[in-house]
Amino acid sequence: MPKFKSVKGMQDILPEEEPVWSHVTGAAVSIARRFGFAKIDTPVLESTALFARGVGEDTDIVSKEMYSFIDRGREGEQGESLTLRPEFTAGVMRAYIENGLSSRPQPQKLYSLGAIFRRERPQKLRYRQFNQFNAEIIGSADPVADLEILLLAYTLHKELGFKNLNFQINSTGDPECKPRYIEALKAYLAPYAEKLAPTDRDRLQRNPLRVLDSKERETQPYLADAPHILDYLNDECRAHFNELLGYLEALGIPYTLNHRLVRGLDYYTKTVFELWGEGLGAQAALCGGGRYDGLIELLGGPPTPGVGFAAGIERIVHVMREQGVTVPALPQPRLFVAYQGDAAKQAAVALASDLRLRGIGARIAFDGRSLKAQFRDADRYGCAYVAVIGPDELAAGSVTLRDLARSAQQTMTRESFGAWALQALAARSALTVS
Ligand code: HAM
């Protein structure tokens, strides 16, 4: 038999990871609700054309990193090309248009959580399947909407204990001023074209803005004096950007103007940002986003502005682990139901089942292990109490309750046991931290 392994770049998230994952996603959801966002869940598969059009044919994501396949068509016909979502935004916009969310009160503030697929070169903290927390404000051009997205990202990372948070921020203009800047950038880089790294030579032709955030060593010397897009903004884009920066300053949110920040998705207009913080190594983004005022129209909807961001959960979890942030343990059953003999086993199963139906957590032994082994299991699972049903208890209709910490035990009727369990265990049952 071949040894099966997970697909390259994809990983299992094991049970011991649950407390930190649940802490992070729980914080994301509770903060999103605090800001007035509601959840939207879109399918993992979308039409390939949606991403080609929305994210952009010339982006790395669309040109190299999508998991696409041709679906089975009707008999004799070829099916549609489908793609595992490489980001949330395009799918959320598709859902906004398709479900007529534009005719509901605007803006719509929507968050999502789930798996994202990009066939990137696997490396540390770069996976081929990873999870994003994504948030979008659709239907407002107000810089306060940009601010809300930045504050949502900031609050989440701050509450999770991140240090030295700093926004990298830039504006990429709009369809009126961005092309003027691109021409200026192309003219500036043209004399150096042969000296740029090969991928950047290619980008200069296909997607010149991306040369700006190139990480290639050969390209770096030519970027330092490149023109700044902020010098090319028209009045509207400049006013929008300055209003946003004014809010950040008033609130004391740290930011740095980053002239080379353009981001790898084509839909951005005006604001683009990333949040940097301690723990990911130099210049790695915890999360990123920006405004996309032309996207909904590009996808066939009414002209509608929007702004959003996404954070990678794996990266957040990694930093929390590196920095030794502790999270609350998840609730575990505090009672172990043990038994001796087959007849008692039936009664024990019934007892555990009844407790769980009443909202009280309980574990039960499998495989007819000895009573001693069952007590060892109870201890290993961190249960505080063991309820024993042996032949005597079975005959008397009773339960022997053992308190492990105090080494005390007491035999009681099933009713008294039920009453004790409700009083001692129910209040701390499913939802409390043990
Ligand atoms: P993005 O910058 O491509 O933006 O991804 C957002 C975040 O997802 C990154 O900052 C990072 O934390 C995480 N991430 C990206 N790629 C990987 C990977 N291969 N492995 C692990 N984590 C990764 C977007 O996806 C935009 N849709 C964000 C947005 C929403 N803009 C507007 N609205």
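Both counts, for ligands and for their atoms, begin at 1 and track the order of listing. Numbering of residues begins at 1 and proceeds along the displayed sequence.
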### Polar contact flag for Asn134 and ligand 1 (N/O pairs, less than 3.5 Å)
no

### Cation-aromatic face contact Arg363/Phe336, 6.0 Å, 45 degrees
no

### Message
Can you see whether Glu136 engages Thr89 through a side-chain donor-acceptor pair at a distance of less than 3.5 angstrom?
### Response
yes

### Query
Is there a nitrogen or oxygen of Tyr292 sitting under 3.5 Å from a nitrogen or oxygen of ligand 1?
no

### Query
Do you see a donor-acceptor pair shorter than 3.5 Å between the side chains of Asn134 and Ser112?
no

### Message
When you compare the side chains of Thr269 and Asp174, does any donor N or O come within less than 3.5 Å of an acceptor on the partner?
### Response
no

#### Entry: Protein contact of atom 10 (O) of ligand 1 - nearest heavy atom, named by residue and atom, plus distance
Cys287 CA, 3.2 Å

### Message
Over 60° means perpendicular and under 30° means parallel, so tell me whether Tyr292 and Tyr267 are parallel, tilted or perpendicular.
### Response
perpendicular

### Task
Measure the distance from atom 20 (N) of ligand 1 to every protein heavy atom, then report the residue, atom name and distance (to 0.1 Å) of the closest one.
Tyr127 N, 3.0 Å

### Task
Considering heavy atoms of the protein only, find what lies nearest to atom 7 (C) of ligand 1 and give residue, atom and distance to 0.1 Å.
Ala310 O, 3.5 Å

#### Entry: ligand 1 versus Phe309: contacting region, heavy-atom distance under 4.0 Å
backbone

#### Entry: Residues Asp266, Thr59; criterion side-chain hydrogen bond (donor to acceptor under 3.5 Å, both in side chains); working and verdict
CA-CA 7 Å; Asp266 278 357; Thr59 59; 5.6 Å; no

### Ile116 contact mode with ligand 1 (heavy-atom cut-off under 4.0 Å)
neither

#### Entry: Backbone of Leu233 reached by a side-chain donor or acceptor of Glu176 within 3.5 Å
no

### Any N or O of Gly312 closer than 3.5 Å to N or O of ligand 1
yes

### Message
Just by distance, no angles: are the side chains of Glu249 and Tyr255 close enough, under 3.5 Å, to form a donor-acceptor pair?
### Response
yes

### Query
Do Asn166 and Thr256 have a side chain donor and acceptor closer than 3.5 Å?
yes

### Task
Check whether any heavy atom of Gly264 sits under 4.0 Å from an atom of ligand 1.
no

### Message
Determine whether a donor-acceptor pair (N or O, by modelled atom type, separation under 3.5 Å) exists between the side chain of Arg53 and the backbone of Leu298.
### Response
yes

### Query
Should one rank Glu120, Arg119, Met93 by closest heavy-atom distance to atom 19 (N) of ligand 1, which comes out on top?
Glu120

### Query
Should you measure from each heavy atom of Leu286, which atoms of ligand 1 turn up under 4.0 Å away?
10 (O), 12 (O)

### Task
Select one of side chain, backbone, both or neither to describe which atoms of Val307 lie under 4.0 Å from any atom of ligand 1, heavy atoms only.
neither

### Task
Just let me know how Glu274 lines up against ligand 1, side chain, backbone, both or neither, with a heavy-atom cut-off below 4.0 Å.
neither

### Query
For Tyr181, which residues count as a ring-ring contact (aromatic ring centres under 6.0 Å, His included) partner, sequence neighbours excluded?
Tyr232

### Message
Between Asp403 (side chain only) and Ala405 (backbone N and O only), is there a donor and an acceptor less than 3.5 Å apart?
### Response
yes

#### Entry: Mode of Tyr267 contact toward ligand 1 - side chain, backbone, both, neither (heavy atoms, under 4.0 Å)
side chain

### Summary
The closest protein heavy-atom partner of atom 33 (N) of ligand 1 is Glu136 OE1, 2.9 Å

#### Entry: Under-4.0 Å heavy-atom contact with ligand 1, by part of Gln132 that carries it
side chain

### Query
In terms of residue, atom name and distance, what is the protein heavy atom nearest to atom 30 (C) of ligand 1?
Thr89 OG1, 3.0 Å

### Task
Mind checking whether Arg263 contacts ligand 1 via backbone (N, CA, C, O), side chain (CB onward), both or neither, at a 4.0 Å heavy-atom cut-off?
side chain

### Task
For atom 17 (C) of ligand 1, state which one of Phe88, Phe130, Phe273, Phe133 supplies the nearest heavy atom.
Phe130

### Query
Does the Arg85 side chain pair with the main chain of Leu45, one donor and one acceptor, at a distance under 3.5 Å?
no

### Message
Geometry only, no angles: is Ala311 polar-contacting ligand 1 at N/O separations under 3.5 Å?
### Response
no

### Task
Would you check the N or O atoms of Glu87, main chain and side chain alike, for any that come under 3.5 Å of an N or O of ligand 1?
yes

## Note on the structure
Quick note on ligand 1: atoms under 4.0 Å from a heavy atom of Gly289 include exactly 31 (N)

### Test item: side-chain donor near acceptor, His228 and Asn170, under 3.5 Å
no

### Structural part of Arg315 in contact with ligand 1, heavy atom criterion under 4.0 angstrom
side chain

### Query
Identify the closest protein heavy atom to atom 31 (N) of ligand 1: which residue and atom is it, and at what distance?
Tyr268 OH, 2.6 Å

